[in-house]
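What you see is a predicted model, and the numbers here were worked out from it, not measured in a lab. All values below come from the heavy atoms of this structure, side chains included, with hydrogens, waters and symmetry mates left out.
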Amino acid sequence: MSLKNDKFPSSAAFDAINDALNTSEADRKDAINKGGAIFAFTLKNKAGETDSWHIDLKNNGAVAKGLGEKPTVTLSLSDDDFGNLVTGKGNAQRLFMSGKLKIKGDVMKATKLDPILKKAQTKAKL
C-alpha cells in the first residue's frame, strides 16, 4: 500500500523511507537504535491543505499515514520544503531558523532524522 498522496508530490518520499527501512532487518534495527523516537510530519501543499505521516523509529521501524501514537517530535513544513529536505536540496537548520520548519516536542530528537532521510535520497523519485 502506497503512502503517497497525489496532492502532496513529496509524499512519495515516505514510500522511499519505508523501502529504505525494510531493505534488511539489520537496517531497520539500526534505524530504530539511532532514531529512538516517533517522528510525525504535517505537510501543507500549495492549496493550503494538510496531511500527516509518521516514521516509527521507536517500536517497529515503519512508516504510516497519520500522526501516530504519541509522536516524540512533530515537524510541520510545506510539501515543497519537505521534498527539498529529502532530496538534499534543503537544509533543516536553515528552514527552522527561517520559520519554514516548525518543530513540536523533542527538538534534539529531530536531529536524529537526518541519516534516515539520507538513506531515502537515493530511492526517492521526486
Side-chain angles (χ1 to χ4, degrees):
M1 185 182 98
S2 176
L3 298 164
K4 186 174 191 286
N5 178 336
D6 290 334
K7 293 180 181 181
F8 298 83
S10 72
S11 66
F14 291 107
D15 284 326
I17 293 166
N18 200 33
D19 290 347
L21 288 173
N22 291 308
T23 302
S24 73
E25 186 67 18
D27 281 350
R28 195 170 59 75
K29 285 184 177 176
D30 182 53
I32 291 170
N33 285 339
K34 288 181 179 167
I38 297 174
F39 301 93
F41 295 85
T42 298
L43 304 183
K44 188 174 196 172
N45 67 13
K46 289 183 172 108
E49 300 167 310
T50 60
D51 202 355
S52 300
W53 293 261
H54 69 276
I55 304 170
D56 184 339
L57 295 180
K58 190 174 189 177
N59 306 309
N60 57 12
V63 183
K65 298 257 314 153
L67 292 174
E69 194 174 312
K70 294 184 183 174
T72 312
V73 61
T74 302
L75 297 92
S76 301
L77 67 165
S78 75
D79 182 57
D80 288 342
D81 287 335
F82 179 69
N84 288 335
L85 263 184
V86 173
T87 57
K89 295 176 192 165
N91 177 294
Q93 192 171 6
R94 274 194 217 114
L95 288 172
F96 180 73
M97 295 304 236
S98 65
K100 292 181 178 180
L101 168 62
K102 306 233 183 314
I103 301 174
K104 288 182 191 158
D106 190 339
V107 176
M108 292 313 293
K109 283 287 186 188
T111 62
K112 306 263 186 207
L113 198 56
D114 200 42
I116 304 304
L117 294 179
K118 283 204 181 348
K119 278 186 181 181
Q121 273 180 15
T122 55
K123 295 177 187 256
K125 293 174 183 75
L126 304 177

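For Trp53 and Phe14, the ring centers sit closer than 6.0 Å to each other. Two rings, from Phe8 and Phe82, have their centers 6.0 Å or more apart.
Residues Lys4 and Asp6 are paired through a salt bridge, judged by an N-O separation under 4.0 Å between the basic side chain and the carboxylate. Taking the charged nitrogens against the carboxylate oxygens, Asp80 and Lys46 do have a contact shorter than 4.0 Å, which makes a salt bridge. Salt bridge status for Lys44 with Asp51: absent, with no side-chain N to carboxylate O gap under 4.0 Å.
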Worksheet item: For Asn59 and Asp56, what are the C-alpha separation, side-chain angles and deciding distance, and is it a side chain to side chain donor-acceptor pair (under 3.5 Å)?
Response: CA-CA 6 Å; Asn59 306 309; Asp56 184 339; 3.2 Å; yes
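Residues Phe39 and Ile32 do not share a hydrophobic cluster, clusters being chains of Ile/Leu/Val/Met/Phe/Trp/Tyr side chains in contact below 4.5 Å. Residues Leu77 and Met97 are members of one and the same hydrophobic cluster, defined by side-chain heavy-atom contacts under 4.5 angstrom among Ile, Leu, Val, Met, Phe, Trp and Tyr.
Counted by atom type alone, Thr42 and Ser52 present one or more donor-acceptor pairs between their side chains at under 3.5 Å. Checked by atom type, the side-chain pair Asp79/Ser10 shows a donor-acceptor distance below 3.5 Å.
By the 4.5 Å heavy-atom criterion applied to side chains, Leu117 and Ile17 are counted as neighbours.
Of all heavy-atom pairs spanning Val73 and Ala110, the tightest one is CG2-CB, 4.2 Å. The minimum heavy-atom distance linking Asp15 with Leu3 is given by the pair OD1-N, 2.8 Å.
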